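I have placed the structure first, in the form of structure tokens, so that the comments after it can refer back to it.
The model shown is predicted, which means the values in this text are computed figures rather than measured ones. Residue numbering restarts at 1 for every chain, and letters A, B, ... go by the order of the sequence lines.
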Amino acid sequence: MFIPIDQPFDLESTLHSGQAFRWRWDGGWHHGVVFSNVVRLRQAEGGLELSCEPDDEAALWPLLEDYLGLDVDLARVYSALGVDSRLRDAIARYHGMRVLRQDPWECLVSFICSSASNIPRITRNIESICQAYGRPVGTGTAMRHAFPTPDRLSRAGEAPLRALGLGYRGAYIAETAGAVAGGAIDLMSLREEPYEQALETLTDLAGVGDKVANCVLLFSLDKLEAFPVDVWVDRVLREWYLDGEAEPVARPKMRPWAQAHFGAYAGYANHYLFHDRRLRGKGLGTG
DNA sequence: AGCCAGGCCCTCC
DNA sequence: GGAGGGCCTGGC
């Protein structure tokens, strides 16, 4: 099914910029698992091509459109952010890259897994979790597994999760799954809450500090002002933005600084700077 | 061999 | 409140 897109949209950068971990590229199509469907997407002239199973393409598309963040007016985001040359360069390189609006539960577990890790390993970890506990989706060689429910991971417990190669993150996931499954926290309702309040709620969960919480807020909870500071963003800020500050800005103060500096779309700035830094290497210096 | 990685948590000051 | 060390596993 062909879907016309009249907004700026870079599918490749959107799906492979480290915000989601279940998309693969087979040389022609991006395929992943969302909304309990095996979904195939490819960028085409003037839009996207979509195929999925088991649902009907036309029925799934509205959900996918929301997932891909296509409702966000990127021109507005860019003009709000495009005040400095560094950011403008990154935006030009990955023009059309969007922040996804993922399922909060899958996003939460994914970023708990990200602690002291790297993208290839996170990707393996998440796939292992799905294969072990997720419902099969799709058929034949296209068969994948849905992301398991909180209840399923809660009942699995720490030891089997560790056995999947998650390390100490297994304990965090088991405990957080219990809190979500038991109704102590309603992730989806955080979309309706203000940023600060949702942040506090999330950081009460095991394995969720300021960085992980901000990833979840940005990539799944509709909080475009969220600003996760990891080592990559730390370097970018230090070298490109904080150089001229009178007082040194320590790591815990970087997020508030950046949110004040970049404004309501700080999260978009974050993602472009992060992606640019990661793709173009760490040896950029101040150039 | 030893260090560090897309952090978090706990302890101690 | 903030600095420092430990933690699983894997890759260099």
#### Entry: Atom-pair distance (CZ on A/R235; C1' on B/dG6), nearest Å
10 Å

### Message
Taking B/dT11 as the reference, what is the distance to C/dC8 when you measure between their P atoms (whole Å, please)?
### Response
15 Å

### Message
Salt bridge check, A/K253 against A/E247: does any charged N sit closer than 4.0 Å to a carboxylate O?
### Response
no

Quick one: which protein N/O atoms are closer than 3.5 Å to N/O atoms of nucleotides 7-11 of chain C? Pair and distance per line, please.
| unit_1 | atom_1 | unit_2 | atom_2 | d |
| --- | --- | --- | --- | --- |
| C/dC8 | OP1 | A/R162 | NH2 | 3.0 |
| C/dC8 | O5' | A/R162 | NH1 | 2.9 |
| C/dC8 | O5' | A/R162 | NH2 | 3.4 |
| C/dC8 | O4' | A/Y168 | N | 3.2 |
| C/dC8 | O2 | A/R121 | NH2 | 3.3 |
| C/dC8 | O2 | A/R169 | NH1 | 2.7 |
| C/dC8 | N3 | A/R169 | NH2 | 3.4 |
| C/dT9 | O4' | A/R121 | NH2 | 3.0 |
| C/dT9 | O2 | A/R121 | NH1 | 2.9 |

### Query
What integer distance in Å separates A/H271:NE2 from B/dG6:C1'?
12 Å

### Query
A/L205 has an atom CG; how far is it from atom P of B/dG7, in whole Å?
19 Å

## Note on the structure
In whole angstroms, the gap separating C1' of B/dA5 from NZ of A/K211 amounts to 12 Å

### Message
When you compare the side chains of A/D276 and A/Y94, does any donor N or O come within less than 3.5 Å of an acceptor on the partner?
### Response
yes

### Query
Using Watson-Crick and G-U wobble pairs whose two distances are both under 3.5 Å, how do you write the pairing of DNA chain B as dot-bracket, with | for links to another strand?
.||||.|||||||

### Message
Could you check, using the six-membered ring where one of them is a Trp, whether A/F21 and A/F111 have ring centers closer than 6.0 angstrom?
### Response
yes

### Task
Would you sort out whether A/R24 and A/T123 count as a side-chain contact (heavy atoms from CB on, under 4.5 Å), showing the intermediate values?
CA-CA 10 Å; A/R24 314 280 180 265; A/T123 302; 3.7 Å; yes

### Query
When the ring centroid of A/H271 is compared with that of A/F219, is the distance short of 6.0 Å?
yes

### Query
C/dG4 and B/dC4: how far apart are their P atoms, nearest whole angstrom?
14 Å

### Message
Would you say the rings of A/F262 and A/Y272 are close, in the sense that their centroids are separated by under 6.0 Å?
### Response
no

### Task
Give the C-alpha distance, both sets of side-chain angles, the deciding distance and a yes or no for side-chain contact (heavy atoms from CB on, under 4.5 Å) between A/L68 and A/L48.
CA-CA 12 Å; A/L68 296 171; A/L48 291 177; 4.1 Å; yes

### Summary
From CD1 of A/I119 across to C1' of B/dG7 the rounded distance in Å is 15 Å

### Query
Tell me: NZ of A/K253 to C1' of C/dA3, nearest whole Å?
14 Å

### Query
Looking at residues 214-231 of chain A, who's got a heavy atom less than 4.0 Å off DNA chain B?
A/C215, A/D230, A/V231

### Query
Can you tell me how far the CD atom of A/E106 sits from the CG atom of A/L187, to the nearest 0.5 Å?
12.5 Å

